[in-house]
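A short write-up of the structure that comes next.
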Amino acid sequence: MEKRQELYAGKAKSVYTTDNDDYVILSFRDDTSAFDGEKIEQLSRKGEVNNKFNAFIMEYLSNAGIPTHFEKLLNANESLVKNMQMIPVECVVRNVASGSLCRRLGVDDGLELNPPVFEFFLKNDALHDPMINEFHIETFGWAKSEDVSTMKQLTFNVNELLSKLFADAGMILVDYKLEFGLFKGDVVLGDEFSPDGCRLWDAETRKKLDKDRFRQGLGGVIEAYEEVARRIGVPL
Ligand code: C5P
């Protein structure tokens, strides 16, 4: 597949067209951002670690029956994925209270959530990704209601699969964000799954092994991502 021009540059990844309209190339950069792009730094090796981490997780989910956009790893920083029409909605599942849930509702960080909490957010940095519900999504035409149900179901299926994967490696999947798109009319998991878009704590010590290390200036960000990768068997 031949790489052509840059289609879109996000905060951490760039998308390139190819000679086949059905596929694009995702290029994972070292840029790391937080707080809607207010804090940005380059973290050496991050693009490569997240590209390989995402490939491993997407293949794992795909083998378990979750439709994903992932096709194959191309090189250290790039993957070939399906060219989807992205749905501008973030799906978040929380197994343990942390982050914005604690700020919004005043609950204690670390509180176990049973059943897990599901939230939708609008993907819009200028509006600081406001929380929305199914009615907003349908009324404003961001997705059809049957596709919203599919996104929700798939996000919960991912929770079962990945909570176990990480638990078996001594970690707690605290929360995570997924994004979906439409490919030839079907809802398909897109974007990435990496420690940039989830919270992972060591099950014993509760040490943070995710992007909160960057948000909170704790240091050792990429070392933590690499530790998670090593524990679940991602070849780096
Ligand atoms: O900030 P908040 O607590 O709502 O984040 C919930 C989860 O979604 C976290 O794992 C966070 O990393 C992820 N997230 C994300 N991208 C966003 C917002 C949240 O990956 N724009």
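Order of appearance sets the numbers: ligands from 1, and atoms from 1 within every ligand. Computed over heavy atoms, backbone and side chain alike; hydrogens, waters and symmetry mates excluded.
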Notebook entry, point to check: Cluster question for you: counting only ILVMFWY and a side-chain heavy-atom cut-off of under 4.5 Å, with indirect links fine, are I66 and M151 together?
Noted result: yes
Margin query: Going by side-chain hydrogen bond (donor to acceptor under 3.5 Å, both in side chains), name the residues that satisfy it together with K72, two or more places apart in sequence or in a different chain.
Written below: none
Notebook entry, point to check: Do the numbers put K39 on top of the ring of F214, so that NZ or CZ is under 6.0 Å from the six-membered ring centre and no more than 45° off the axis?
Noted result: yes
Return a table of N or O atom pairs, ligand 1 on one side and protein on the other, at distances under 3.5 Å, rounded to 0.1 Å.
{"residue": "ligand 1", "atom": "3 (O)", "partner": "R94", "partner atom": "NH1", "Å": "3.2"}
{"residue": "ligand 1", "atom": "3 (O)", "partner": "R94", "partner atom": "NH2", "Å": "3.4"}
{"residue": "ligand 1", "atom": "3 (O)", "partner": "S100", "partner atom": "N", "Å": "2.8"}
{"residue": "ligand 1", "atom": "3 (O)", "partner": "S100", "partner atom": "OG", "Å": "3.4"}
{"residue": "ligand 1", "atom": "3 (O)", "partner": "R199", "partner atom": "NH1", "Å": "2.9"}
{"residue": "ligand 1", "atom": "3 (O)", "partner": "R199", "partner atom": "NH2", "Å": "3.4"}
{"residue": "ligand 1", "atom": "4 (O)", "partner": "R94", "partner atom": "NH2", "Å": "2.7"}
{"residue": "ligand 1", "atom": "4 (O)", "partner": "S100", "partner atom": "OG", "Å": "2.5"}
{"residue": "ligand 1", "atom": "10 (O)", "partner": "D175", "partner atom": "OD1", "Å": "2.6"}
{"residue": "ligand 1", "atom": "10 (O)", "partner": "R199", "partner atom": "N", "Å": "3.4"}
{"residue": "ligand 1", "atom": "12 (O)", "partner": "R215", "partner atom": "NH2", "Å": "2.9"}
{"residue": "ligand 1", "atom": "21 (N)", "partner": "E90", "partner atom": "OE1", "Å": "3.4"}
{"residue": "ligand 1", "atom": "21 (N)", "partner": "E90", "partner atom": "OE2", "Å": "3.3"}
{"residue": "ligand 1", "atom": "21 (N)", "partner": "D129", "partner atom": "OD2", "Å": "3.1"}

Margin query: Students often mix this up, so state it plainly: with edges at 30° and 60°, are the rings of Y23 and F183 parallel, tilted or perpendicular?
Written below: tilted
Checklist line | Nearest heavy atoms of S79 and N51, plus distance in Å | finding: OG-OD1, 2.6 Å
Next item on the list: Would you check, one step at a time, whether the test side-chain hydrogen bond (donor to acceptor under 3.5 Å, both in side chains) holds for E59 with N63?
Entry: CA-CA 6 Å; E59 278 181 342; N63 289 337; over 6 Å; no
